[in-house]
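Report on the following structure.
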Amino acid sequence: MTLSINKYVVYNLKELLKNGYLVVGLLGACVPAIIMAYFILNKSTPFTIKHVSNFYCMLGMLTAVLLPLYFINRDYSTKTISLINNSAQNRRNYVFANGIIALSVSLLYTMTGIVLLLVTKTLGVSGDLNLSFLVGFSVNVFLLVMTYFLFGYLLFLYGVRSGAVYGILTALLLFFPNALANIHGMIHNEFLSELIENFPGYFYPIMVGSNPLSPLQYSIGCLTLIVLFVVVLKKSEKIEG
Amino acid sequence: MLLNSITKKYSGSVVLNDLSLDFNKGEIVGLIGRNGAGKSTLMKIITQTIQTYDGSVAGNHQVGYLIEEPKLFSNKTGLFHLTYFSGIYGNTFNLNEYEGLLQNLQLFDVLNKKVKEYSLGMRQKLGIVMSLLNYPSYIVLDEPTNGMDVETSFEVLRELRRMADEWGVGILISSHKLEDIEAICDRVLFLKDGVVADEQQFIKNKQRTLTLVFENSVDLAAFASNQHFGSVIHSGDRDIQIETAVENAEIFKLVNQLGVRLIDFTAEKKTLRSVYMNKFRGEYHDTQY
């Protein structure tokens with residue numbers, strides 16, 4: 001009995017649609033961005049299109065990470081994972097299938113974000129919206145969602161309870177980067193400053209909706225993603241039950 | 001299915017120790033032993049939900065299972081579980097195919113109810129049906145009648161026997177309800193200290209211990225030298241104990257033929273409980289005359 005990656009992905013993406021979580025998540029991303037666009041268009045503000053994309057990513061990245069984790073949480077908390085973890089192949093297929101769900105969610109958020117930015121730009125929001133920014137935005141969203149999804153997945157594999165996982169992810173995406181940004185602004189040590197700038201826990205949440213990352217940051221990001229994926233895969237192969 | 005030299009250790013303590021066993025399609029094998037004897041670990045190794053162990057599991061690995069408690073989504077219906085757990089394995093759940101089983105287990109009419117409204121017995125029954133999804137060659141069931149009343153328990157056991165006989169499914173079943181095991185199993189394995197300490201056959205082997213008391217030693221000697229019913233396990237001055245599966249009528253026929261005078265006769269049926277008590281507690285409790 002081999003777990004069908006296609007069927008698993010299709011069943012569960014439909015489930016995300018049917019239970020309304022996907023719609024709520026996208027609303028959570030879009031509503032702050034639309035409010036920001038409204039103020040830019042109707043009030044005298046110094047804000048630009050990058051502020052719209054930043055507001056889109058503010059809650060949007062959190063919901064985009066939590067959506068694919070819904071299935072991991074569901075299967076581990078109800079222990080139905082033991083109905084899937086019945087061969088090495090099925091354990092791997094489960095990781096790949098959930099990775100594809102996370103990838104699909106990140107693509108959906110990317111496309112929605114781009115459409116939103118194009119519409120608000122057309123409506124008259126100021127600021128440059130060039131191709132390199134849109135490509136950077138797309139890659140950033142993909143890397144951030146996959147990295148934090150795999151980190152959350154790993155926490156579940158190590159038996160961390162769902163409330164704690166969601167709390168940690170919320171802190172990491174919403175509060176921790178601001179704390180690091182404050183520290184970064186205060187320190188004058190070049191090495192420490194570069195260390196913070198090239199730390200994925202800092203540059204992903206801070207830069208995701210603002211700018212393309214530097215080549216070094218992309219390299220560190222890709223390496224982090226690969227390491228997390230391998231660790232999740234290996235841990236999944238060994239976990240009992 | 002053949003398990004060869006399985007050893008499993010947890011933090012240095014040996015749970016299964018060089019254990020080997022086999023079971024076949026269409027056969028129901030019972031697994032009994034005290035808590036901590038390694039039953040669940042053994043079942044998890046067979047179902048590959050435990051991957052790290054020494055030894056090998058050979059044979060067809062199409063195994064359905066229900067271990068410990070049914071693993072269900074409380075907010076989903078029974079039908080969702082059957083459809084989903086068929087679907088993600090690339091199969092389409094055909095309700096007609098399972099209708100008889102679901103009817104017999106009285107689940108058919110509640111399939112559209114959410115699982116959180118099910119009783120423990122109903123959840124167990126749904127778990128058993130789920131173990132039969134995707135056409136397994138074997139199923140492994142841990143305490144399948146847990147939480148069921150006597151009548152429901154009987155229905156489930158009857159259906160399991162039918163699955164083995166008609167569908168050809170090999171079933172490994174563990175239970176602390178020895179009567180359940182005895183009622184349907186072809187073979188019973190006694191697990192103790194991580195090894196199969198003993199194996200008994202029950203359905204095919206109706207062994208009993210007969211005690212015959214004769215009027216004198218001459219009559220006893222005549223009977224003893226002419227009986228070929230089974231093995232003598234004790235012989236006294238006037239009494240003899242024989243382990244046999246032969247019907248009482250055959251015994252009495254020989255007694256009449258020999259013209260010996262039998263003054264007392266008892267037949268003690270070998271029950272799983274009596275064997276279990278003998279193996280694990282060192283005493284016989286459940287003697288049936």
Side-chain angles (χ1 to χ4, degrees), chain A residues 1-21 68-101 104 156-157 159 162 232-241, chain B residues 8-11 15 40-53 57 60-76 80-93 115-116 123 126-140 142:
Chain A
M1 290 183 276
T2 308
L3 182 74
S4 162
I5 295 176
N6 285 348
K7 298 270 185 184
Y8 179 90
V9 170
V10 171
Y11 261 96
N12 287 306
L13 282 178
K14 278 184 187 168
E15 172 76 10
L16 271 187
L17 264 177
K18 275 197 274 185
N19 63 20
Y21 292 168
L69 280 174
Y70 165 76
F71 301 110
I72 312 293
N73 177 32
R74 178 198 66 181
D75 293 343
Y76 277 87
S77 63
T78 59
K79 296 182 182 172
T80 49
I81 188 65
S82 69
L83 300 174
I84 292 167
N85 274 350
N86 48 25
S87 69
Q89 179 70 52
N90 284 350
R91 287 162 187 259
R92 283 193 293 272
N93 285 5
Y94 182 79
V95 175
F96 289 132
N98 281 292
I100 291 170
I101 289 175
S104 308
F156 279 115
L157 287 176
S162 57
V232 165
L233 202 59
K234 292 292 164 198
K235 180 70 181 165
S236 294
E237 283 174 1
K238 285 181 185 165
I239 203 162
E240 293 191 354
Chain B
K8 175 68 184 173
K9 293 174 186 169
Y10 283 113
S11 317
V15 179
S40 293
T41 303
L42 175 62
M43 291 181 144
K44 286 179 179 176
I45 286 173
I46 292 171
T47 58
Q48 297 290 297
T49 49
I50 289 179
Q51 299 262 310
T52 51
Y53 56 89
V57 181
N60 189 328
H61 287 167
Q62 298 279 94
V63 185
Y65 49 95
L66 168 60
I67 298 178
E68 287 158 354
E69 78 277 358
K71 314 295 192 299
L72 305 167
F73 306 124
S74 57
N75 277 319
K76 298 291 181 187
F80 172 87
H81 286 83
L82 301 176
T83 310
Y84 179 73
F85 284 103
S86 294
I88 61 170
Y89 283 103
N91 296 313
T92 305
F93 177 68
V115 161
K116 65 183 174 190
R123 292 164 67 93
L126 180 62
I128 291 169
V129 178
M130 284 167 65
S131 75
L132 286 158
L133 294 174
N134 305 311
Y135 314 104
S137 305
Y138 300 94
I139 59 169
V140 172
D142 189 7

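Just so it is clear: chains get the letters A, B, ... in the order the sequence lines come, proteins before strands, and each one is counted from 1.
- Looking at Leu72(B), only its backbone comes within 4.5 Å of chain A, counting heavy atoms on both sides.
- Taken to the nearest 0.5 Å, the CG atom of Asn85(A) stands 10.0 Å off from the OG1 atom of Thr47(B).
- Atoms OG1 and CD, from Thr52(B) and Glu237(A) in turn, are 12.0 Å apart once rounded to the nearest 0.5 Å.
- Of the atoms belonging to Leu133(B), it is backbone heavy atoms, and not side-chain ones, that fall under 4.5 Å from chain A.
- For chain B, no part of Ala97(A) is nearby; none of its heavy atoms comes within less than 4.5 Å.
- Summarising the geometry, atom CD belonging to Glu240(A) is positioned 8.0 Å from atom OG1 belonging to Thr41(B); distances are rounded to the nearest 0.5 Å.
- Looking at Asn6(A), neither its backbone nor its side chain comes within 4.5 Å of chain B, counting heavy atoms on both sides.
- Between Ile50(B) and Arg91(A) the shortest heavy-atom distance is N-NH2, 4.3 Å.
- Options Val10(A), Leu3(A), Asp75(A) differ in how many heavy-atom pairs under 4.5 Å they form with chain B, and the most are formed by Leu3(A).
- Residue Ser4(A) comes nearest to Gly90(B) through the heavy atom pair CB-N, 4.1 Å, listed as atom of the first residue, atom of the second, then distance.
- Residues Met130(B) and Leu83(A) come closest through the heavy atom pair CE-CD1, 3.7 Å.
- Within the 4.5 angstrom heavy-atom criterion, only side-chain atoms of Asn90(A), from C-beta onward, approach chain B.
- Proximity to chain A is absent for every atom of Ser74(B), based on heavy atoms less than 4.5 angstrom apart.
- Of the two parts of Glu15(A), only the side chain, counted from C-beta on, holds a non-hydrogen atom closer than 4.5 Å to a non-hydrogen atom of chain B.
- Note on ring orientation: taking the six-membered ring where Trp is involved, the planes of Tyr11(A) and Tyr84(B) are perpendicular (angle over 60°, cut-offs 30° and 60°).
- Looking at Glu68(B), there are no atoms closer than 4.5 Å to chain A (heavy atoms on both sides), in backbone or side chain.
- In this structure, the side-chain hydrogen bond (donor to acceptor under 3.5 Å, both in side chains) partners of Asn75(B), at least two apart in sequence or on a different chain, are Lys116(B).
- Atom NZ of Lys235(A) has more than 12 heavy atoms from other residues, nucleotides or ligands within 6.0 Å.
- Gln51(B) places no side-chain N or O within donor-acceptor distance of the main-chain N or O of Ile239(A), the cut-off being under 3.5 Å.
- Between Lys71(B) and Thr80(A), the shortest heavy-atom distance links the atoms O-CG2, 3.4 Å.
- Heavy atoms closer than 4.5 Å to chain B are found in both the backbone and the side chain of Thr78(A).
- For a residue to count as touching a neighbouring chain, one of its non-hydrogen atoms must lie under 4.5 Å from one of that chain's; by this rule Ile84(A) touches chain B with backbone and side chain alike.
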